[in-house]
Amino acid sequence: MQTTVTKFGGTSLASAQQFKKVAEIIRSDNSRRFVVASAPGKRTSDDIKVTDMLISCSKVAAEGKDFTKELAMIRDRFVSIADELGISFDIDPELESIAAQLSAGASEDYVKSRGEYLNSKLLAEYLGFPFIDAADVIIFNENGTLNNEETYKKLPAVLKTCKNAVIPGFYGSKMDGSICTFSRGGSDVTGAIVAHAADAEIYENWTDVSGMLMADPRIVKDPAPIEFISYAELRELSYMGASVLHEEAVFPARTIGIPINIRNTNRPDDSGTMITKAVPPAAKKNPITGIAGSKGFCSVLIEQEMMNTEIGYAAHVLKIFADLGLSIEHMPSGIDTMSVVLKESDVLPVRDELLSRLEEELHPNTLTIESGISLIAVVGHGMSYKPGVAAKVFSSIANAGVNIRMLDQGSSELDIIIGVNDEDYEKAICAIYEEFRA
Ligand code: ASP
């Protein structure tokens, strides 16, 4: 039997009306056996996600204050869904147990995981599927990373015993039984892990958009949809801010080549974006798959005559950054220059120490920090077999009157990274998009 793992995000499960759409999607294809659910998300743009309500509730409890009001608001969200769906799910014993844990000083991870836990119980009852508690099958290491060995031992063994099931996203437990969560949006990661463990043919990630777009619609008007994208391209785009899927969700699917299909719960007939190892040749019409970026970077520029002959110079520079816990984004370098690009917010707390260590230990001719840099990634496998793509990118930016402050192209030719001033960011993205729009 074919196995499809589906994951439904918070907006797809925010109300009874959305639950009905989800049930229709699942019932329309019996390969959709395993369902991973998020907590109820926003019903309207000014609504509050249940996960955020739980975090507030946990904070109030941690301050030793009365959290009855916060918990009552959370109860209302679930009760309104259950009542409208006409299911008998009794939330009160669950809430009593959460309240007891809150009073006993429960961890924030435990409290914020309860949105997924309760919503999945509701969905399981509505669908008539068994409920599998993620705490029993998704196992974390002490340091909060996934314990692959234990998870891929426990989870497949349980899935094998079920024809179908609902599994909460976002959380699991450590070996001592304490609840641990992924970072925000982590139900996507759970979905990918379940797809891997079930050896699924496909992982469908259902959300409120019909897949990925070539550029951020807040910057570019009506950007074209991306029908196909490779795991590697997606990784580059999501790292640079395109946020359709959690950054870590690609890996579990990618290791065994499970395609990920981003779909829209509100427009189930749209085919969405298909993420695979290799994009089908017929789909490679445009050399650029997508453009993404973010603001707020800085560049530490080190100039030193004869740097190229000094063995270990770069290693020494990098060691200083590593000692200060700084993660480096890019490192374009020349013969006598090296620039290290990193997030400005990371540098600020250690800026003085960084500069004094570089100065004292390396005595460079000049040492400067340039701030206000935005990075733009122009991503596409198509760039590697088509000459002139880089030239088109640069001329589009130049024609828009934007100065390029930094350039970096990886040897895989999967992307070109361009640094521009923060105030030119939107203009540069629009110019590149216009140049390559289909
Ligand atoms: N509910 C969690 C969040 O809001 C996890 C998720 O939805 O994926 O981040």
Side-chain angles (χ1 to χ4, degrees), residues 5-15 18-19 21-22 34-59 70-71 73-75 77-78 81 91 94 98 106-124 131-135 137-138 140 144-146 151 166-173 179-196 203-209 212 234 238 241-253 260-266 275:
V5 169
T6 56
K7 177 257 163 178
F8 290 89
T11 51
S12 301
L13 291 166
S15 64
Q18 292 300 86
F19 265 64
K21 292 182 191 168
V22 167
F34 301 121
V35 184
V36 173
S38 279
K42 292 184 179 195
R43 293 159 292 188
T44 53
S45 57
D46 53 3
D47 200 6
I48 307 173
K49 289 178 170 192
V50 164
T51 307
D52 289 318
M53 295 165 92
L54 286 161
I55 293 171
S56 309
C57 184
S58 167
K59 292 210 164 92
E70 283 73 16
L71 209 53
M73 278 164 61
I74 294 163
R75 180 183 186 278
R77 286 293 302 266
F78 289 106
I81 297 174
I91 194 172
E94 299 283 0
I98 296 170
S107 70
E108 186 179 292
D109 272 11
Y110 165 80
V111 181
K112 71 182 181 210
S113 74
R114 295 303 88 186
E116 270 68 16
Y117 170 83
L118 293 170
N119 221 24
S120 299
K121 285 211 138 180
L122 259 183
L123 184 62
F131 168 82
I132 299 175
D133 192 347
V137 287
I138 304 281
F140 286 83
T145 56
L146 184 75
T151 301
V166 178
I167 305 137
F170 192 37
Y171 75 94
S173 68
I179 296 291
C180 186
T181 59
F182 293 108
S183 55
R184 294 300 302 267
S187 298
D188 287 344
V189 188
T190 310
I193 294 169
V194 173
H196 183 138
Y203 168 32
E204 292 177 345
N205 189 292
W206 291 84
T207 175
D208 53 4
V209 288
M212 293 184 73
L234 175 77
S238 41
S243 62
V244 70
L245 193 70
H246 190 290
E247 231 198 293
E248 290 161 36
V250 170
F251 300 108
I260 306 171
N261 190 193
I262 312 283
R263 301 284 293 266
N264 188 348
T265 302
N266 304 318
I275 307 159

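Counting starts at 1 for both ligands and their atoms, in listed order. Model, not experiment: these values are computed from the prediction.
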Please tabulate protein-ligand N/O pairs under 3.5 Å for ligand 1, atom names and distances to 0.1 Å.
| unit_1 | atom_1 | unit_2 | atom_2 | d |
| --- | --- | --- | --- | --- |
| ligand 1 | 1 (N) | T51 | OG1 | 2.7 |
| ligand 1 | 1 (N) | E116 | OE2 | 2.6 |
| ligand 1 | 4 (O) | R184 | NH2 | 2.9 |
| ligand 1 | 7 (O) | S38 | OG | 3.0 |
| ligand 1 | 8 (O) | G185 | O | 3.4 |
| ligand 1 | 8 (O) | G186 | N | 3.4 |
| ligand 1 | 8 (O) | S187 | N | 3.0 |
| ligand 1 | 8 (O) | S187 | OG | 3.0 |
| ligand 1 | 9 (O) | R184 | NE | 2.7 |
| ligand 1 | 9 (O) | G185 | N | 2.8 |

query: Would F182 and I193 count as a side-chain contact (heavy atoms from CB on, under 4.5 Å) if you check the C-alpha gap in whole Å, the side-chain angles of each, and the deciding distance to 0.1 Å?
result: CA-CA 12 Å; F182 293 108; I193 294 169; 3.7 Å; yes
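Partners of F170 by ring-ring contact (aromatic ring centres under 6.0 Å, His included), not counting sequence neighbours: none found. D208 pairs by the side chain to side chain contact (heavy atoms under 4.5 Å, CB included) definition with T11, N266, not counting sequence neighbours.
Less than 6.0 angstrom separates the ring centroid of Y117 from the ring centroid of F131.
Scanning all heavy atoms of the two residues, the minimum distance from S38 to G10 falls at CB-N, 3.4 Å.
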Please tabulate, for side-chain N and O atoms in residues 246-253, each donor-acceptor pair with protein atoms closer than 3.5 Å (sequence neighbours left out).
| unit_1 | atom_1 | unit_2 | atom_2 | d |
| --- | --- | --- | --- | --- |
| H246 | ND1 | E248 | N | 3.0 |
| H246 | NE2 | S183 | OG | 2.8 |
| E247 | OE2 | R235 | NH1 | 3.0 |

